[in-house]
A.B. asks: 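The structure is given below, and queries will be raised subsequently.
As the structure is a computational prediction, the values presented were derived from the model and not from experiment.
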Amino acid sequence: MAASIGNRNGSFGRSLSKFWEKQAQNWALPIIGILGFLLVWQILSGVGLIKLPSPLNILSEKSTRNLLLYPFFDRGGTDKGLFWQTLASFERVAKGYSIAAIVGISVGILVGTNAVIDKALDPLFQFLRTVPPLAWVPIALAALRQNEPAALFVIFITAVWPILLNTAVGVKQIPQDYRNVSRVLQLSKQKYFFKILIPSALPYIFTGLRISIGLAWLAIIAAEIIMSGIVGIGFFIWNSYTNDKVGEVILALVYIGAVGLILDRVVAWLQNVILPEEQK
């Protein structure tokens with residue numbers, strides 16, 4: 001009995017050791033990198049080379065500490081915790097990004113399959129995609145007159161181009177052999193679309209989706225800084241800056257970076273789930 005328990009404990013120990021060896025670099029190295037960055041920041045701030053508050057000073061500030069410990073408070077209006085500020089921005093991104101994905105994939109397929117439409121619209125697409133998100137804010141506000149639809153438009157117009165252009169490239173890159181086989185087999189347009197076009201273009205579509213989710217998150221932060229009086233992480237940053245609360249701004253930046261990283265990883269996970277291994 002004792003020998004059996006000992007064997008089991010030894011097996012568990014070996015399994016734990018193997019798990020740690022496999023995961024050590026995935027977890028330990030990023031943690032070391034983050035701690036190293038915070039240490040350098042603390043030192044540079046302490047000797048006065050940068051004028052930002054140090055990490056320890058930020059944690060010692062009462063307002064920043066309260067935001068960190070109580071992210072779910074809601075006193076009405078725009079006086080809400082960082083969870084609600086971030087959630088409001090995320091909801092806008094989800095709506096605008098979804099519209100951009102639907103429009104971008106649909107128009108990208110149309111452009112990729114029709115050379116005439118491609119030549120007609122490509123100069124317009126290339127022109128519009130170079131306009132920065134902030135430049136669209138006054139136009140959106142002037143045209144739509146309300147903060148919420150204007151914010152959604154800014155997200156859409158920023159996120160749609162990588163999806164559209166990558167989808168079009170993916171459709172154009174379908175191997176000629178696939179097209180020839182579809183003609184020999186006399187596949188219907190519906191079967192060609194679902195059996196050949198979509199599977200072939202999916203890697204390019206996901207590339208566009210992954211680029212666009214980051215751009216959409218950047219766009220809403222920029223838009224909310226301009227659009228005053230709304231609940232959102234962007235407006236929270238600007239309001240904190242105008243009230244000289246730099247610690248709150250830095251804490252909000254941590255939220256922004258964390259959400260951006262999560263969104264990117266979610267799209268990457270969907271790509272791994274949906275795409276066959278040989279297509280990656």
Side-chain angles (χ1 to χ4, degrees), residues 63-64 66-68 70-104 106-107 124-125 127-164 208-209 211-264 266-267:
S63 62
T64 308
N66 287 339
L67 284 170
L68 187 62
Y70 308 105
F72 301 102
F73 77 83
D74 185 353
R75 302 189 183 104
T78 60
D79 190 9
K80 300 178 186 292
L82 280 175
F83 173 82
W84 303 114
Q85 303 282 358
T86 307
L87 181 63
S89 297
F90 174 76
E91 288 175 351
R92 294 185 185 103
V93 168
K95 294 174 185 176
Y97 179 76
S98 298
I99 298 170
I102 293 169
V103 173
S106 301
V107 177
L124 178 63
F125 292 160
F127 172 80
L128 292 175
R129 77 181 184 88
T130 60
V131 179
L134 277 175
W136 287 110
V137 174
I139 296 174
L141 287 172
L144 301 172
R145 301 291 180 181
Q146 293 181 350
N147 285 337
E148 195 68 23
L152 295 180
F153 174 79
V154 172
I155 298 168
F156 164 79
I157 202 68
T158 304
V160 71
W161 306 117
I163 301 173
L164 191 157
L209 290 172
I211 294 171
S212 288
I213 193 63
L215 293 177
W217 189 237
L218 291 175
I220 190 55
I221 301 305
E224 287 176 350
I225 288 176
I226 300 292
M227 299 173 185
S228 61
I230 62 173
V231 177
I233 195 73
F235 175 69
F236 174 86
I237 286 175
W238 185 249
N239 189 52
S240 297
Y241 169 74
T242 56
N243 289 300
D244 199 27
K245 296 179 179 178
V246 181
E248 292 185 6
V249 174
I250 294 173
L251 181 58
L253 291 179
V254 173
Y255 269 74
I256 291 170
V259 173
L261 178 63
I262 291 170
L263 291 175
D264 177 76
V266 167
V267 176

A.B. asks: Please list all pairs passing the side-chain hydrogen bond (donor to acceptor under 3.5 Å, both in side chains) test where one or both residues lie in residues 250-264, with sequence neighbours left out.
C.D. replies: Arg210-Asp264

A.B. asks: How many angstroms lie between CD1 in Ile211 and CD1 in Ile163, if you round to the nearest 0.5 Å?
C.D. replies: 9.5 Å

A.B. asks: Name every donor-acceptor pair, under 3.5 Å, that has one atom in a side chain of residues 128-142 and the other anywhere in the protein, sequence neighbours excluded.
C.D. replies:
{"residue": "Arg129", "atom": "NE", "partner": "Gln126", "partner atom": "OE1", "Å": "2.5"}
{"residue": "Arg129", "atom": "NH2", "partner": "Gln126", "partner atom": "OE1", "Å": "3.2"}
{"residue": "Thr130", "atom": "OG1", "partner": "Phe127", "partner atom": "O", "Å": "2.8"}

A.B. asks: In a table with atom names and distances, give each donor-acceptor pair under 3.5 Å that connects a side chain of residues 93-101 to protein atoms at least two apart or in another chain.
C.D. replies:
{"residue": "Tyr97", "atom": "OH", "partner": "Leu209", "partner atom": "O", "Å": "2.8"}
{"residue": "Ser98", "atom": "OG", "partner": "Ala94", "partner atom": "O", "Å": "2.6"}

A.B. asks: Are Phe235 and Trp238 near enough that their ring centres are under 6.0 Å apart?
C.D. replies: no

A.B. asks: List the residues meeting ring-ring contact (aromatic ring centres under 6.0 Å, His included) with Phe73, not counting sequence neighbours, and say none if there are none.
C.D. replies: none

A.B. asks: For the CD1 atom of Ile220 and the OG1 atom of Thr158, what is their distance to the nearest 0.5 Å?
C.D. replies: 9.5 Å

A.B. asks: Drop me the distance from Leu253's CG to Ile233's CD1, to the nearest 0.5 angstrom.
C.D. replies: 8.5 Å

A.B. asks: Using a 6.0 Å cut-off, check whether atom CZ of Phe125 has over 12 heavy atoms from anything other than its own residue.
C.D. replies: yes

A.B. asks: Report yes if some heavy atom in the side chain of Glu248 is under 4.5 Å from a heavy atom in the side chain of Phe236; otherwise report no.
C.D. replies: yes

A.B. asks: As a quick check of understanding, evaluate side-chain contact (heavy atoms from CB on, under 4.5 Å) for Phe153 and Ile157, giving each step before the final call.
C.D. replies: CA-CA 6 Å; Phe153 174 79; Ile157 202 68; 4.2 Å; yes

A.B. asks: If you compare all heavy atoms of Gly234 against all heavy atoms of Ser89, which two are closest, and at what distance to 0.1 Å?
C.D. replies: N-OG, 4.3 Å

A.B. asks: Locate the shortest heavy-atom distance separating Leu144 from Pro149; write the atom from each residue and the value.
C.D. replies: CD1-O, 3.4 Å

A.B. asks: Is any side-chain heavy atom of Val160 closer than 4.5 Å to one of Val107?
C.D. replies: no

A.B. asks: Among residues at least two apart in sequence or on other chains, which ones pass salt bridge (Lys or Arg N to Asp or Glu O under 4.0 Å) with Glu148?
C.D. replies: Arg92

A.B. asks: Which distance, rounded to the nearest 0.5 Å, do you find between the CZ of Phe90 and the OG1 of Thr86?
C.D. replies: 11.0 Å

A.B. asks: If the condition is ring-ring contact (aromatic ring centres under 6.0 Å, His included), which residues does Trp84 pass it with, not counting sequence neighbours?
C.D. replies: none

A.B. asks: If every non-hydrogen atom of Thr242 is compared with every non-hydrogen atom of Asn239, which pair is closest and at what distance?
C.D. replies: OG1-O, 2.8 Å

A.B. asks: Measuring from Leu87:CG to Phe72:CZ, what's the distance to the nearest 0.5 Å?
C.D. replies: 10.0 Å

A.B. asks: Any chance you could measure Leu218, atom CG, to Ile213, atom CD1, to the nearest 0.5 Å?
C.D. replies: 10.5 Å

